[in-house]
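Report on the structure given below.
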Amino acid sequence: MTDDGIDTVDYHCGGEPFRIVTATAGPAGATVAEKRVAAAVDPEVDGLRQLLCSEPRGHADMYGGFIVAPDDPGAHFGVLFWHKDGFSAACGHGTMCLGTWAVQTGLVPVVPGGVTDVVIDVPSGRVTARVSTAEMKVTAVDFVSVAGYLLHDEVVVDTSRGAASFTIAFGGAIYAHVPAATFGLSVDKASLPELIALGREIKNKINVTAYAEHPLDPRLSGAYGVIFFDELGDEDGDVHQRNVTVFADGQVDRSPCGSGTASRVAALHSSGRLTTDGTLVHSSIVGSTWSARIADTTVLAGRNAVLPIVTGRAFRTGHHRFVVDPDDDLVPGFVLR
């Protein structure tokens, strides 16, 4: 942080916040994946994350990213995604916010045809925000994810509400998937406290097993979150679901969750329920809705994989300059969950 403070521009996508920080030196590392590892133990970089996430400048469910240099020569920039508990490997809603920001600020010039690809280097690989515009106004943004695939099916976990069967899939991060009805709950505000508690419990139990291991890159190992979903019915090959993703240490995604939706697409395709001609209509606990489809199929790590595209919209919510008073004894701040 400079003596004049740190400037951010804030967005939301589907109700989930994203705080963009452009003026950071960033941690050491030849690649964005290495920078993510270094950031977690860099007192200056991690201290800034804590400052911007913690109250009174942030909150327990805050999310954001530091812009860093890419190692991918085809990328416009790199990013380190962060939340209250550390740095994540992927973030779909953040990718959509970053694509919108890059086009709105002129960092990436608008393509005259109305679809501009913003290529971003993230810890889990290359992702693209495909930004649609009409008369220079952003009308939609696609999150073109890294490949997603099923890791494990019918994984039984003992919980405080009894044994339950989970699907575990990768969509840039590893997620466990389970119907909320398995626990007699629904994806709604009334059930949220119980879903948060279950999400933390389930994640901690899965993370001490081999089910949370990434098949190619150990830096991507670890269940990032638990996706609880409600079935809303299928129609003409399209799948309609509502979900809430509980990630990190009890953090709640207000949006349908970008990388979570990508992993959901992979799981549904693996079961045969979602075809390459179908669409996942994915709603969140706050009512925002995205659509997701399969752009292509491939094989990765010996598994059948899909290339998901998730479509939503992102909106700027404000510009901020955060400062620290030298007499402030509550730096970097606190979280109440």
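Because the structure is predicted, anything quoted here is derived from the model rather than measured.
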Check your understanding: Will you find, in the side chains of N243 and T245, an N or O donor that is under 3.5 Å from an N or O acceptor?
Key -> yes
**Study point:** side chain to side chain contact (heavy atoms under 4.5 Å, CB included) partners for D327, two or more places apart
**Key:** D325
Exercise for review: Can you run down the side-chain hydrogen bond (donor to acceptor under 3.5 Å, both in side chains) pairs that involve residues 92-108, sequence neighbours left out, and say none if there aren't any?
Suggested key: Y11-Q104, Q104-R316
Review point. How does the hydrophobic cluster around L280 look, that is, which other residues are in it when side-chain heavy atoms under 4.5 Å mark a link?
Key: V239, V265, L268, L274, I294, V306
Practice item. State which residues pass side chain to side chain contact (heavy atoms under 4.5 Å, CB included) with A30; sequence neighbours excluded, sorted by chain then number. Key: E34
**Study point:** Contacts of Y149 that satisfy ring pair (Phe, Tyr, Trp, His ring centres under 6.0 Å) - sequence neighbours left out
**Key:** F170
Practice item. Sequence neighbours left out, what passes side chain to side chain contact (heavy atoms under 4.5 Å, CB included) with T133? Give chain and number order. Key: V103, V110, V131, V138
Review point. Going by atom types only, do D10 and T317 share a side-chain donor-acceptor pair under 3.5 Å?
Key: no
Listed pairs under 3.5 Å, donor-acceptor, residues 113-123 side chains, sequence neighbours left out:
from	atom 1	to	atom 2	distance (Å)
T116	OG1	V111	N	2.8
D117	OD1	R130	NE	2.8
D117	OD2	R130	NH2	3.3
D121	OD2	D71	N	2.9
D121	OD2	D72	N	2.9

Exercise for review: Name all residues meeting the side chain to side chain contact (heavy atoms under 4.5 Å, CB included) criterion together with D238; count only those two or more places apart in sequence or in a different chain, and write none if there are none.
Suggested key: H240, T279
Exercise for review: Flag the pair I174 / L220 as yes when at least one side-chain heavy-atom distance between them is below 4.5 Å, and no otherwise.
Suggested key: no
Check your understanding: Do the non-hydrogen side-chain atoms of L185 and L195 ever get within less than 4.5 Å of each other?
Key -> yes
Check your understanding: With ILVMFWY side chains joined below 4.5 Å, transitively, what does V144's cluster contain besides itself?
Key -> I309
Exercise for review: Check the side chains of R264 and H282 for a donor-acceptor pair under 3.5 angstrom, ignoring hydrogens and angles.
Suggested key: no
Exercise for review: Please work out which of the three classes, parallel, tilted or perpendicular, describes the rings of Y63 and F247, given edges at 30° and 60°.
Suggested key: tilted
Check your understanding: Do other residues, nucleotides or ligands put more than 12 heavy atoms under 6.0 Å from the CD atom of E55?
Key -> yes
Exercise for review: Indicate whether the side chain of H177 and that of S263 have a donor and an acceptor atom separated by less than 3.5 Å.
Suggested key: yes
Point to revise | T22 and D7, any side-chain heavy atoms less than 4.5 Å apart | key: no
Point to revise | Side chains of S283 and W290 in contact at under 4.5 Å (non-hydrogen atoms) | key: no
Practice item. Decide whether S288 and S255 meet the rule of one side-chain donor and one side-chain acceptor closer than 3.5 Å. Key: no
Check your understanding: Salt bridge check: are D153 and R303 linked by an N-O gap of less than 4.0 Å?
Key -> no
Review point. Does OH in Y211 sit with more than 12 non-hydrogen atoms of other residues, nucleotides or ligands closer than 6.0 Å?
Key: no
Review point. Heavy atoms, side chains only, cut-off 4.5 Å: are V127 and V146 in contact?
Key: yes
Practice item. Find out if a path of hydrophobic residues (ILVMFWY) with successive side-chain heavy-atom gaps under 4.5 Å connects V9 to F81. Key: yes
Review point. Under 6.0 Å from the CG atom of N304, do we count more than 12 heavy atoms belonging to anything else shown?
Key: no
Practice item. With sequence neighbours left out, write down each residue that passes side-chain hydrogen bond (donor to acceptor under 3.5 Å, both in side chains) with N204, or none if nothing qualifies. Key: none
Point to revise | Charged N-O contact under 4.0 Å between R273 and E231 | key: yes
Revision key, fill the gap. So salt bridge (Lys or Arg N to Asp or Glu O under 4.0 Å) across residues 190-209, not counting sequence neighbours, yields R161-E194, R200-D249, E201-K205
Check your understanding: Can you pull the salt bridge (Lys or Arg N to Asp or Glu O under 4.0 Å) pairs that have at least one residue in residues 93-116, sequence neighbours excluded?
Key -> none
**Study point:** Donor on one side chain, acceptor on other, T167 and Y175, under 3.5 Å
**Key:** no
